[in-house]
> 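I am attaching a structure below and will ask some questions about it afterwards.
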Amino acid sequence: MSLTTPIAQALCAALELGPGQAGEIERLLSTPPNLALGDFAFPCFQLARQLRSAPPKIAAELAAKIPTGGLISRATAAGPYVNFFLNRTAATRQVIGAVRTAADRYGASDDGAGRTMVVEFSSPNIAKPFHFGHLRSTNIGANLARLFEFAGWQVVRRNYLGDWGTQFGFVIYAWRRWGDEAALAARAIDYLVELYVRAYRESEQDPSIRDQARELFRRLEQGDAEIVPLWQKFRELSLAGFVRTYTRLAIGFDNFDGEAAASRNMDAVIRRFVTAGVAVESEGALVVPVADVIGRDIAPLMLRKSDGASTYAARDCAEAIERYSRYRFDGNIYVVSRQEDYFAQLFVALSKLGKAEGWPVDWPALCQNVSFGFVRGMSTRKGEAVWLEDVLDEARDRARRVREEKSAANPRSFPVLPTAELDAIGEGVGQAALLYFDVSSRRLSDVSFDWDTVLQFEGNTGPYLQYAHARMCGIFRRAGEQGLAAGDAPAAAVADEEWALVLCIREFPSAVQRACVGREPHEISRYLGSLASAFNGFYNNHMVLDPADPGTSAGRLALVGASRTVLANGLRLLGIRPLEVM
Ligand code: ARG
């Protein structure tokens, strides 16, 4: 039972409402600006009309009718609010108990039970650079997938590879002209990108290259026995490179079918658009008008170009239909930036086809483009084409250096470590810094990246939170040495800083819920920042380990334990390993 349930029940009784309305009352409860005013507040404004009375008067009457005892220790009126004070000891015991029982599932729910969410993310292009946009998509998508899973959804992780399109014409052209097996074996994707860039650049001087590239792609589309194996080889090599990086981040996908696979159903789907009368010819191209539905001046969705070439959009239509028939999803998220108009067109085109063919799928309601802002300033020694792998290496090396500097300056807090351990910590901290940076602002905001800031052991950063977790683990190690163990709840009166921490721990499940509803992993980072400050407020003001007072120590250790569980759960949701030593 939640801490606010008994408050809502008491209010219902006082207002002579049925118990069925307790949920609604509970949602109206707010948090007063400081603890001296109470732990929860009920605003009486909205009752004024119904009860024909002034809010302060209603508040005073209500407060007098609230029975105390159990979890509620006091209810007082303050202006138009009824303020509630809880019995801190009982409430703390309850919150700590809930964290202990649920452990690594604390914060999880069954909100999505029986429903399926497809999360499409990362979706890099083969033989084109994996840029920061893919990097952000990889992280935001992986976070959303974990969040929805935690909220009880069945989650499908889709990586829709950009493995089709005219870029392959250029790569194959370049390969036949300059290709070098040894270079391909050694540098794989990097080499393919170089080939693509070289052919593309030269085509600007020599337009015949463009024609040859087009022709090669056309042969690929027709299944030419000489060209298809080349494409297959390039795709496999690239995919192996991507998977190496994903593995390092412990990110998995259920399916890597990309545009090539989608293109197999494409012609049939285009025919359906035509037969249904949804697609029309326009200047030789085949398009689906969408401006009538979207209600502003927006181009139609192009299914086929005037030169007969297929489009990215046609492949997406085929893919979406295939995806629906395969998963019967209740939600389908595309984590892609700067294609907002395109996805709006896509969803409308699908819904027009669906209406014309009479299927019960409400595409615009089920599908969503989760977009995100720019990252400025992210580059590596190798230059600006940002390969996730290089960024991860750089993060690891830099984190290791920061750790070495720390142990040189402060060997008591940061003991000198053997190389293997230092490497492992470097990898963990480097990843945490990078991944956490990405969620430390709302996804739609543009952000500036700066290595020194993200690697700091202070402020709301990944390394800082990992360090906080390692410190909590350290407290337990020292407790063990001193023969102290955690109890169920504080032994004596719960001090303000302890209580603030308890209230914060209690908030975690709603932060998870907000993150899911808003498709906003930043909610978790914001939450973890406030958890860390609540923990510091507690830890800096109260001695946890006191061998002379094992009772008080036991209560405070219980709080440290609950904080550690919540911090670890939050970090894991963000794909960050909670470290025990740092
Ligand atoms: N491969 C595309 C790119 O790198 C992203 C794919 C987005 N997903 C989709 N279903 N269109 O820009």
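Counting starts at 1 for both ligands and their atoms, in listed order. The figures here come from the full heavy-atom set of this structure, side chains too, leaving out hydrogens, waters and symmetry mates.
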> Which of the atoms of ligand 1 are close to V336, meaning less than 4.0 Å from one of its heavy atoms?
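It comes down to these atoms of ligand 1: 7 (C), 8 (N).
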
> How far is atom 4 (O) of ligand 1 from its nearest protein heavy atom, and which residue and atom name does that atom have?
H134 NE2, 2.7 Å

> Before signing off on this row, confirm whether D316 and ligand 1 have an N or O atom pair separated by under 3.5 Å.
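Looking only at distances, the answer is yes, because the N/O contact criterion of under 3.5 Å is met.
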
> If you measure from SG on C516 to CG on D111, what distance do you get to the nearest 0.5 Å?
7.5 Å

> For E259, is at least one N or O under 3.5 Å away from an N or O on ligand 1?
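No, no N or O pair falls under 3.5 Å.
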
> Out of all atoms in ligand 1, which are within 4.0 Å of some heavy atom of Q339? Include the element for each.
12 (O)

> Any N/O of S123 closer than 3.5 Å to an N/O of ligand 1?
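Checking ligand 1 against S123, an N or O pair does fall under 3.5 Å apart.
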
> Ignoring hydrogens and geometry beyond distance, is a side-chain donor-acceptor pair present between Y246 and S122 at under 3.5 Å?
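S122 and Y246 do have a side-chain donor-acceptor pair below 3.5 Å.
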
> Report, in ascending order of atom number, the atoms of ligand 1 lying under 4.0 Å from any heavy atom of Y160.
8 (N), 9 (C), 10 (N)

> Compute the shortest N/O to N/O distance between R323 and ligand 1 and return yes if it is under 3.5 Å, no if not.
no

> If only atom types and distance count, is the side chain of R158 paired as donor or acceptor with the main-chain N or O of D257 below 3.5 Å?
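Indeed, once roles are kept as given, a pair shorter than 3.5 Å links the two residues.
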
> Looking only at heavy atoms, which two atoms of R235 and G258 are closest? And how far apart?
NH2-N, 4.2 Å

> Using a 4.0 Å heavy-atom cut-off, which part of E319 comes near ligand 1: side chain, backbone, both, or neither?
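Looking at E319 and ligand 1, no heavy atom falls under 4.0 Å.
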
> When the aromatic ring centroids of Y342 and Y312 are compared, is their separation below 6.0 Å?
yes

> Are D224 and R219 ion-paired here, with the side-chain N under 4.0 Å from a carboxylate O?
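R219 and D224: salt-bridged.
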
> List every atom of ligand 1 that sits less than 4.0 Å from any heavy atom of Y334, numbering the atoms from 1 in the order shown and giving each element.
10 (N)

> Establish, from distance only, whether the side-chain atoms of Y327 and R323 form a donor-acceptor pair under 3.5 Å.
no

> Inspect the contact between R210 and E215 and indicate whether a charged nitrogen and a carboxylate oxygen are less than 4.0 angstrom apart.
no

> Taking all non-hydrogen atoms of both residues into account, name the closest pair between S310 and R315 and its distance.
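Closest approach of S310 to R315: OG-NH1, 3.2 Å.
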
> For ligand 1, which atoms have a heavy atom of E120 less than 4.0 angstrom away?
7 (C), 8 (N), 9 (C), 10 (N)

> Under a 4.0 angstrom heavy-atom cut-off, which atoms of ligand 1 come close to Y312?
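Atoms satisfying the 4.0 Å criterion: 2 (C), 5 (C), 6 (C), 7 (C), 8 (N), 9 (C), 11 (N).
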
> Could you tell me the residue and atom name of the protein heavy atom closest to atom 1 (N) of ligand 1, and the distance to it rounded to 0.1 Å?
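Checked against all protein heavy atoms, atom 1 (N) of ligand 1 sits closest to N125 OD1, 2.7 Å.
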
